[in-house]
Colleague: 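The structure that follows is given in the form of structure tokens.
Counting from 1, the numbers follow the sequence of the chain as shown.
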Amino acid sequence: MNSPDAIALLKSDHREAEALFEQYEKLKESGSPQEKMEIAKKVCGALLIHMEIEEKLFYPRVRAKIGDDDLMNEALVEHNGAKDLIKELGELKADDPMFDAKIKVLSEEIKHHVKEEEGEMFPKASSSGLDLKQLGDELFAAKNQMMEKHGLTPKAA
């Protein structure tokens, strides 16, 4: 398989989420509730899949290699906070006054989380001796499997 290494794949997911949050921000004032809901669904779906592959495959391997339980535990707590917000968003309509606020807070939480992953966790994972190419193949396969399960188009390698 010719998929990216684990860190490149996860960073690509981060950029995708950031782009979707930016799209939402541009639509916030002028977009219809349907347009806003469409972007919210895309970003929330992408985040849920991303968090699941991190939690099931990436985090356990990194934790075993880097010996920084605080960093890994914080990442999981941040994921749980994001999942709670996503669940709350799923219970709202896009024209609800709280919808924009929840998307904004989710965006800020994800931005903080990404900064910690890319600034601390990924460098530690890179120098840990983990086979990031092999792990990237596993992440890629798991991500595509989940996308198919949810009726989304899988990514090409």
Side-chain angles (χ1 to χ4, degrees), residues 2-59 62 71-126 132-133 135-157:
N2 197 18
S3 51
D5 78 35
I7 290 173
L9 182 139
L10 296 174
K11 281 184 174 180
S12 169
D13 283 358
H14 292 166
R15 301 296 82 80
E16 180 187 345
E18 288 163 1
L20 287 166
F21 281 126
E22 281 172 30
Q23 261 183 289
Y24 187 92
E25 194 57 36
K26 287 182 186 138
L27 272 182
K28 196 164 84 175
E29 301 304 322
S30 61
S32 70
Q34 291 83 359
E35 289 172 306
K36 290 173 18 176
M37 183 59 86
E38 201 55 42
I39 293 173
K41 280 182 181 173
K42 273 187 196 165
V43 76
C44 291
L47 288 171
L48 288 170
I49 289 171
H50 175 83
M51 289 187 282
E52 190 167 334
I53 65 171
E54 280 187 333
E55 290 171 17
K56 286 192 169 145
L57 299 168
F58 188 73
Y59 286 2
V62 172
L71 179 66
M72 302 312 296
N73 291 343
E74 283 173 30
L76 288 170
V77 170
E78 289 168 355
H79 275 193
N80 289 335
K83 287 179 201 168
D84 288 344
L85 267 175
I86 289 169
K87 185 175 184 284
E88 290 170 23
L89 278 162
E91 294 164 0
L92 297 177
K93 293 192 176 354
D95 57 2
D96 186 294
M98 292 304 288
F99 197 84
D100 287 345
K102 287 183 188 286
I103 286 281
K104 180 74 176 161
V105 171
L106 180 62
S107 169
E108 288 168 355
E109 282 187 6
I110 295 299
K111 199 173 287 179
H112 167 82
H113 178 71
V114 163
K115 189 176 169 199
E116 285 195 348
E117 277 190 348
E118 293 186 5
E120 291 181 60
M121 186 188 299
F122 291 178
K124 287 181 178 186
S126 288
L132 294 172
K133 182 68 187 109
L135 188 50
D137 290 343
E138 291 176 43
L139 291 172
F140 187 80
K143 182 177 174 180
N144 277 342
Q145 194 175 19
M146 279 185 249
M147 289 177 80
E148 280 179 14
K149 191 173 96 183
H150 295 290
L152 303 168
T153 307
K155 302 251 192 268

Colleague: Rounded to the nearest 0.5 Å, how far does CG of Leu57 lie from CG of Leu10?
Modeller: 10.0 Å
Colleague: Do Met51 and Leu48 have side chains that approach each other closer than 4.5 Å (heavy atoms only, starting at C-beta)?
Modeller: yes
Colleague: So, applying side chain to side chain donor-acceptor pair (under 3.5 Å) with Glu117, which one of Lys11, His112, His14 is it?
Modeller: His14
Colleague: With heavy-atom distances below 4.5 Å as the criterion, would you say the side chains of Val114 and Glu18 are in contact?
Modeller: yes
Colleague: Let me know which of Val43, Leu47, Leu85, Val105 forms a side-chain contact (heavy atoms from CB on, under 4.5 Å) with Ile110.
Modeller: Leu47
Colleague: Let me confirm one number: the CG-NZ distance from Leu106 to Lys102, rounded to the nearest 0.5 Å.
Modeller: 10.5 Å
Colleague: What are the two closest heavy atoms between Pro33 and Ala94, and how far apart are they?
Modeller: O-CB, 3.1 Å
Colleague: Between CZ of Phe21 and NZ of Lys111, what distance do you get to the nearest 0.5 Å?
Modeller: 9.0 Å
Colleague: Find out whether Glu54 and His50 are in side-chain contact, i.e. whether some heavy atom of one side chain is under 4.5 Å from a heavy atom of the other.
Modeller: yes
Colleague: Would you say NZ of Lys28 has more than 12 non-hydrogen atoms from neighbouring residues, nucleotides or ligands within 6.0 angstrom?
Modeller: yes
Colleague: Begin with the C-alpha distance, continue with both residues' side-chain angles, and end with the deciding distance and a verdict on side-chain contact (heavy atoms from CB on, under 4.5 Å) for Glu25 and Lys104.
Modeller: CA-CA 8 Å; Glu25 194 57 36; Lys104 180 74 176 161; 4.1 Å; yes
Colleague: Nearest 0.5 Å, what's the CZ-CG distance between Phe140 and Leu135?
Modeller: 14.0 Å
Colleague: Do you know the tightest heavy-atom contact between His79 and Tyr59?
Modeller: NE2-OH, 3.1 Å
Colleague: Can we say Lys115 and Glu78 salt-bridge, meaning some charged N sits less than 4.0 Å from an Asp/Glu carboxylate O?
Modeller: no
Colleague: Could you grab the distance from atom CG of Leu71 to atom CE of Met121, nearest 0.5 Å is fine?
Modeller: 4.5 Å
Colleague: Which heavy atom of Leu132 sits nearest to which heavy atom of Ser126, and what is that distance?
Modeller: CD1-CA, 3.9 Å
Colleague: Taking all heavy atoms of Pro123 and all of Glu120, pick out the closest pair and write down the distance.
Modeller: CD-O, 3.4 Å
Colleague: Under a 4.5 Å cut-off applied to non-hydrogen side-chain atoms, are Ile103 and Lys36 in contact?
Modeller: no
Colleague: Begin from the C-alpha positions of Gln23 and Lys42 and carry the test side-chain contact (heavy atoms from CB on, under 4.5 Å) through to its verdict.
Modeller: CA-CA 11 Å; Gln23 261 183 289; Lys42 273 187 196 165; 5.6 Å; no
Colleague: Would you mind checking if Asp137 and Lys133 are paired as a salt bridge, meaning a charged N to carboxylate O distance below 4.0 Å?
Modeller: yes
Colleague: From the options Glu109, Glu52, Glu55, select the one residue that forms a salt bridge (Lys or Arg N to Asp or Glu O under 4.0 Å) with Lys83.
Modeller: Glu55
Colleague: How long is the straight-line distance from CG of Asp84 back to CG of Leu89, given to the nearest 0.5 Å?
Modeller: 11.0 Å
Colleague: Partners of Ala125 by side-chain contact (heavy atoms from CB on, under 4.5 Å), sequence neighbours excluded?
Modeller: Ile7, Phe58, Val62
Colleague: Which heavy atom of Ala75 sits nearest a heavy atom of His113, and at what distance?
Modeller: O-CE1, 3.7 Å
Colleague: Given side chains that start at C-beta, do those of Ile49 and Asp13 come closer than 4.5 Å, heavy atoms only?
Modeller: no
